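Fair warning: this is a prediction, and the values are worked out from it, not measured in the lab. Note: hydrogens, waters and symmetry copies are ignored here, and every other heavy atom, side chains too, is used.
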Amino acid sequence: MNAFKDAFARNYDLASRRFRTAIEEIDKTIDHLQKTKDALLSSENNLRLANNKAQDLSIKKLTKNAPSVAEKFADLKNE
């Protein structure tokens, strides 16, 4: 009877350690996936902001207060 109890306790201990190890690995995977998700969401936000800025661009905004552009218009006006 004692041999059975010892063997059962040993098997239980091994299974319990493997179970804990598997749970720890799952937790590590969840943490890694959460970090990846956060990075992707941050990238999406940066792309959205860049797109908004690109959509707001215009020739007028790009050339405002640009001396070279003012010079070109002055040359055209004098012709």
Arg17/Asp13 salt bridge by N-O under 4.0 Å criterion: yes
All pairs passing salt bridge (charged side-chain N to carboxylate O under 4.0 Å, His left out) where residues 44-57 contributes a residue, at least two apart: Asp56-Lys61
Gap separating the OH atom of Tyr12 from the CZ atom of Phe8, nearest 0.5 angstrom: 9.0 Å
CG (Leu40) with more than 12 external heavy atoms under 6.0 Å: yes
CG on Leu57 to CG on Asn52, rounded to 0.5 Å: 11.5 Å
Heavy-atom side-chain proximity of Thr29 to Leu33 below 4.5 angstrom: yes
Exam field: side chain Ser43 to backbone Ala39, donor-acceptor pair closer than 3.5 Å: yes
Approximate separation, where rounding is to 0.5 Å, of Lys72 NZ and Asp75 CG: 6.5 Å
Sidechain-backbone polar pair: Asn51 side chain, Leu47 backbone, donor-acceptor under 3.5 Å: no
Derivation and outcome, side chain to side chain contact (heavy atoms under 4.5 Å, CB included), residues Asp31 and Lys28: CA-CA 5 Å; Asp31 288 342; Lys28 287 178 190 176; 5.6 Å; no
Heavy-atom side-chain contact between Asp38 and Ser42 under 4.5 Å: no
